[in-house]
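Working notes, beginning with the structure itself.
We use all heavy atoms of the structure for the numbers below, so side chains are in, but hydrogens, waters and symmetry mates are not. When a residue number appears, it is its place in the shown sequence, counting from 1.
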Amino acid sequence: MLISKNAKLPNPAALRVFVAVVEEGGVGRAALALGITQPAVSQYLRALEDHVGHPLFERQGRHLVLSRVGQALLPEARRVVQALEEFQRVSQAMGRLELGEVTLGASTTMATYVVPIYLQNFHQVYPGVRVHVESGSSERLAERLRMGELELAVLEGVEHWDGYERHLFYEDELVLIVPPDHPWAGREAVPPEWLKGESLVVRKPGSMTWRALERAFEQAGLELNPTFYTDNNEVTKRLVLAGAGVGIVSRVVVQPNLKVGNLRALRLEEPVGEIRRYFWLVHPKVVSNPAAQALTELLKA
């Protein structure tokens, strides 16, 4: 569409034609370079001159040369054309996921022990996409997700929200952990009553781990009486390794130690029994960012 005299800004296509005529050295060569007809080139130039209010070229014999106004506007036109070409390049690169950014939230346990392998795979496929990872409590991350400060998140204890989708991401369980020289180390499970005679190391009240543990013991009619409260799974493991007590953590937290053999994992027998934990991938139903769409699909796979 050509520019009218009332337009506030010039037509970008007309600016591109103007620059091409100068760089190619004439209307005919510019038409060939742009893949349009010579009359179209002339029409764009006339529209741009009408917008400016002054001729951009002067004819000297059979040649067109820039007028004083054209000389003054050429550098600005080039900057606009270059900016538009860069805009096009970046937008296409983002569409192809050669560039882009995405913000992901993940509960501390997932961010530490599960999500990294997914992000490594994502980076191998999309090395130009930057991923901003924020870890913390599921409650805080859920609030940030609903405020639009995160594009997707892996959370525990999430209900269905209007306008959002959730997919089961990871299923885990809480287990007792003891060092290999502990009297219980050879057992697969122990009665929960045995904990009364042990120093217990657990995550602090308010954490999702504590809530799941407290709920299971309350339902069994038993009382928890920890000696140590921690805000970090690694601290819990270190205390157990040091012989400070028996710990309770998610199985995924202790998997590396089980492979090495410096810790043992046990279940609690009834009436407490198995304590399951469920982590969900949550995101808005409409995800417009191609990078966020790609990461969502990978985490759902």
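- Of all heavy-atom pairs spanning Leu299 and Phe169, the tightest one is O-CD1, 3.6 Å.
- Looking at Val249 and Thr209, their side chains never come closer than 4.5 Å, going by heavy atoms from C-beta outward.
- Both Val254 and Phe279 are members of a single hydrophobic cluster when ILVMFWY side chains are connected at heavy-atom separations under 4.5 Å.
- His283 and Glu151 form no side-chain donor-acceptor contact under 3.5 Å, judged by distance and modelled atom types alone.
- For Tyr126 and Phe122, the ring centers are positioned less than 6.0 Å apart.
- Ion pairing between Arg79 and Glu86 fails under the 4.0 Å rule for side-chain N and carboxylate O.
- Side chains of Ser250 and Arg277: a donor-acceptor N/O pair is present below 3.5 angstrom, by distance only.
- The only option from Glu156, Arg251, Arg276 that meets the side chain to side chain contact (heavy atoms under 4.5 Å, CB included) definition with Asp172 turns out to be Arg251.
- With rounding to the nearest 0.5 angstrom, the NZ atom of Lys196 is 11.5 Å from the CG atom of Leu224.
- Around the CZ atom of Arg96, the shell of radius 6.0 Å holds more than 12 heavy atoms that belong to other residues, nucleotides or ligands.
- Under a hydrophobic clustering in which Ile, Leu, Val, Met, Phe, Trp and Tyr are joined whenever their side-chain heavy atoms come within less than 4.5 Å, directly or via other members, Val133 and Leu150 fall into different clusters.
- For the residue pair Thr103 and Arg144, no side-chain donor N or O sits within less than 3.5 Å of a side-chain acceptor on the partner.
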Full working for side-chain contact (heavy atoms from CB on, under 4.5 Å) between Glu101 and His132
CA-CA 7 Å; Glu101 296 193 17; His132 301 266; 2.8 Å; yes
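- Rounded to the nearest 0.5 angstrom, Gln293 CD and Leu298 CG are separated by 14.0 Å.
- Separation of atoms OG1 (Thr236) and CG (Asn232) is listed at 7.0 Å; rounding is to 0.5 Å.
- The closest side-chain heavy-atom distance from Leu281 to Leu152 is below 4.5 Å.
- When all heavy atoms are compared, the tightest approach of Pro271 to Pro192 is CD-CG, 3.9 Å.
- Heavy-atom contacts from other residues, nucleotides or ligands closer than 6.0 Å to CD of Gln124 number more than 12.
- Under a 3.5 Å cut-off, the side chain of Ser67 and the backbone N or O of Glu58 do not form any donor-acceptor pair.
- The 12-atom threshold is exceeded at CD of Glu171, counting heavy atoms of other residues, nucleotides or ligands nearer than 6.0 Å.
- Salt bridge Glu23/Arg78: present, at least one basic N to carboxylate O contact under 4.0 Å.
- There is a path of hydrophobic side-chain contacts, each under 4.5 Å, that joins Met110 to Leu295.
- Side-chain contact, Asn257 with Lys237: a donor N or O sits under 3.5 Å from an acceptor N or O.
- Atoms OG1 and NE2, on Thr296 and His167 in that order, are 7.5 Å from each other to the nearest 0.5 Å.
- Glu159 pairs by the salt bridge (Lys or Arg N to Asp or Glu O under 4.0 Å) definition with nothing, not counting sequence neighbours.
- Here the closest heavy-atom approach between residue Pro256 and residue Val252 is recorded as CD-O, 3.9 Å.
- The neighbour count for Glu98 CD, taken as heavy atoms of other residues, nucleotides or ligands under 6.0 Å away, is above 12.
- Residues His182 and Val246 are in side-chain contact: their nearest non-hydrogen atoms beyond the backbone lie under 4.5 Å apart.
- The CD atom of Gln92 sits 10.5 Å away from atom CZ of Phe87, with the distance rounded to the nearest 0.5 Å.
- Val21 has its side chain within reach of Phe57: a pair of non-hydrogen atoms, C-beta onward, lies under 4.5 Å apart.
- At least one donor-acceptor pair closer than 3.5 Å links the side chain of Asn121 to the backbone N or O of Ile117.
- Counting all heavy atoms, side chain and backbone alike, Leu195 lies closest to Leu200 at CD2-CD1, 4.3 Å.
- Under the 4.5 Å side-chain contact rule for hydrophobic residues, Leu48 and Leu64 share a cluster.
- Looking only at side-chain heavy atoms (C-beta outward), Val69 and Gln71 stay at 4.5 Å or farther from each other.
- Between Thr112 and Asn233, every side-chain heavy-atom pair lies at or beyond the 4.5 Å cut-off.
- Residue Val178 is grouped with residue Leu268 when hydrophobic side chains (ILVMFWY) are merged at heavy-atom distances under 4.5 angstrom, including chains of intermediate members.
- In Arg238, the CZ atom is not crowded: 12 or fewer heavy atoms of neighbouring residues, nucleotides or ligands sit closer than 6.0 Å.
- The side chain to side chain contact (heavy atoms under 4.5 Å, CB included) search around Pro205 returns Trp210, Tyr229, not counting sequence neighbours.
- Annotation for Ala292 and Val102: closest pair CA-CG2, 3.6 Å, computed over non-hydrogen atoms.
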Kindly indicate, with the supporting measurements, whether the criterion side-chain contact (heavy atoms from CB on, under 4.5 Å) is fulfilled by Glu269 and Arg187.
CA-CA 11 Å; Glu269 296 177 355; Arg187 299 180 62 93; 3.8 Å; yes
Would you please test Ser137 and Thr108 for side-chain contact (heavy atoms from CB on, under 4.5 Å) and show each step?
CA-CA 6 Å; Ser137 70; Thr108 302; over 6 Å; no
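- In His123, the NE2 atom is not crowded: 12 or fewer heavy atoms of neighbouring residues, nucleotides or ligands sit closer than 6.0 Å.
- With rounding to the nearest 0.5 Å, the separation of CG in Leu168 from CH2 in Trp280 is 5.0 Å.
- For Arg140, the CZ atom is densely surrounded, since the number of other residues' heavy atoms within 6.0 Å is greater than 12.
- By the 4.5 Å heavy-atom criterion applied to side chains, Glu143 and Glu139 are not counted as neighbours.
- Put simply, the side chain of Arg264 does not reach to within 4.5 Å of the side chain of Pro179, judged on heavy atoms.
- Residues Glu24 and Arg29 come closest through the heavy atom pair O-CD, 3.1 Å.
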Apply side-chain contact (heavy atoms from CB on, under 4.5 Å) to residues Thr230 and Val202 and explain how you reach the verdict.
CA-CA 6 Å; Thr230 75; Val202 300; over 6 Å; no
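- For Tyr113 and Tyr170, the distance between ring centers is not under 6.0 angstrom.
- Around the NZ atom of Lys300, the shell of radius 6.0 Å holds more than 12 heavy atoms that belong to other residues, nucleotides or ligands.
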